[in-house]
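Quick notes on the structure that follows.
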Amino acid sequence: MRMKEMARRSGVHERSLRYYEQQGLLSPERLPSGYREYSEADLETVRRIRCLLTAGLSTAVIAQVLPCIRDDDGRLAPTCPNLVGQLRTERERMTREIDALRTSRSLLDTVLDAAPRDVLSRAG
DNA sequence: TTTCTTACA
DNA sequence: TGTAAGTA
């Protein structure tokens with residue numbers, strides 16, 4: 001299938017599909033015209049990519065993860081031992097980000113708590 | 001008409 | 001990420 005159908009079937013914008021390819025996540029065939037020709041396997045790959053992006057992984061990490069993952073009726077499972085370690089590392093990174101955001105929110109709360117009543121009454 | 005690449009905001 | 005230009 002070509003770009004338009006792939007975008008429709010996968011629910012991913014054409015722009016994003018080209019971006020995934022640019023990042024090495026996808027490599028559809030090329031027609032003599034230069035047009036991309038996507039396979040059903042590519043469609044599955046895109047579904048996995050979306051799943052992994054939702055899991056908060058970067059495209060760089062996903063590029064490494066994709067060849068090392070199995071798909072049990074829609075549920076992704078790692079098939080390489082080293083991948084498990086890498087995913088744990090990603091999880092730790094997320095935890096640090098969450099902690100950083102908690103700190104930011106706490107500081108913001110402090111600022112908001114300092115707002116005078118007259119200002120609060122006129123605020124949205 | 002559709003898709004391509006490249007480039008800029 | 002969205003969009004526009006200029007092609008094949």
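A quick note: this is a predicted structure, and the numbers were derived from the prediction, not measured. Below, chain A is the first sequence line, B the second, and so on; all start at residue 1.
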Residues Glu44(A), Arg48(A): salt bridge by 4.0 Å N-O rule
no

Arg30(A), CZ: over 12 other non-hydrogen atoms inside 6.0 angstrom
yes

Under a plain distance cut-off of 3.5 Å, with no hydrogens placed, do Ser121(A) and Asp118(A) share a side-chain donor-acceptor pair?
no

Kindly indicate, with the supporting measurements, whether the criterion salt bridge (Lys or Arg N to Asp or Glu O under 4.0 Å) is fulfilled by Arg93(A) and Glu90(A).
CA-CA 5 Å; Arg93(A) 180 186 57 72; Glu90(A) 282 301 312; 2.6 Å; yes

Rounded off to whole Å, could you give me the CG-to-P distance for the Leu31(A) and dA8(C) pair?
18 Å

In sequence, state the C-alpha distance, the side-chain angles, and the governing distance for Leu25(A) and Val46(A), and then conclude on side chain to side chain contact (heavy atoms under 4.5 Å, CB included).
CA-CA 9 Å; Leu25(A) 273 38; Val46(A) 171; over 6 Å; no

For DNA chain B, just give me the dot-bracket, please: Watson-Crick or G-U, both distances below 3.5 Å, ( ) intra-strand, [ ] crossing earlier pairs, | paired with another strand, . unpaired.
.|.||||||

For nucleotides 4-9 of chain B, just jot down a letter per nucleotide in 5' to 3' order: B, S or -, based on protein non-hydrogen atoms under 4.0 Å.
SB----

Is it possible for you to say whether Met94(A) and Val84(A) belong to one hydrophobic cluster, with membership spreading through side-chain heavy-atom contacts below 4.5 Å?
no

Give the intermediate values and the outcome of side chain to side chain contact (heavy atoms under 4.5 Å, CB included) for residues Leu26(A) and Tyr38(A).
CA-CA 9 Å; Leu26(A) 210 53; Tyr38(A) 293 99; 4.0 Å; yes

Within less than 4.0 Å of OP1 or OP2 of dG2(C), is there a side-chain N or O belonging to His13(A)?
yes

Starting from P on dG2(C), measure out to CG on Leu17(A) and report it in whole angstrom.
12 Å

Expressed in angstrom and rounded to an integer, what is the separation of Tyr19(A) atom OH from dT3(C) atom C1'?
17 Å

I want to check something: taking the side chain as every heavy atom from C-beta on, are Leu101(A) and Arg105(A) in contact at a cut-off of under 4.5 Å?
no

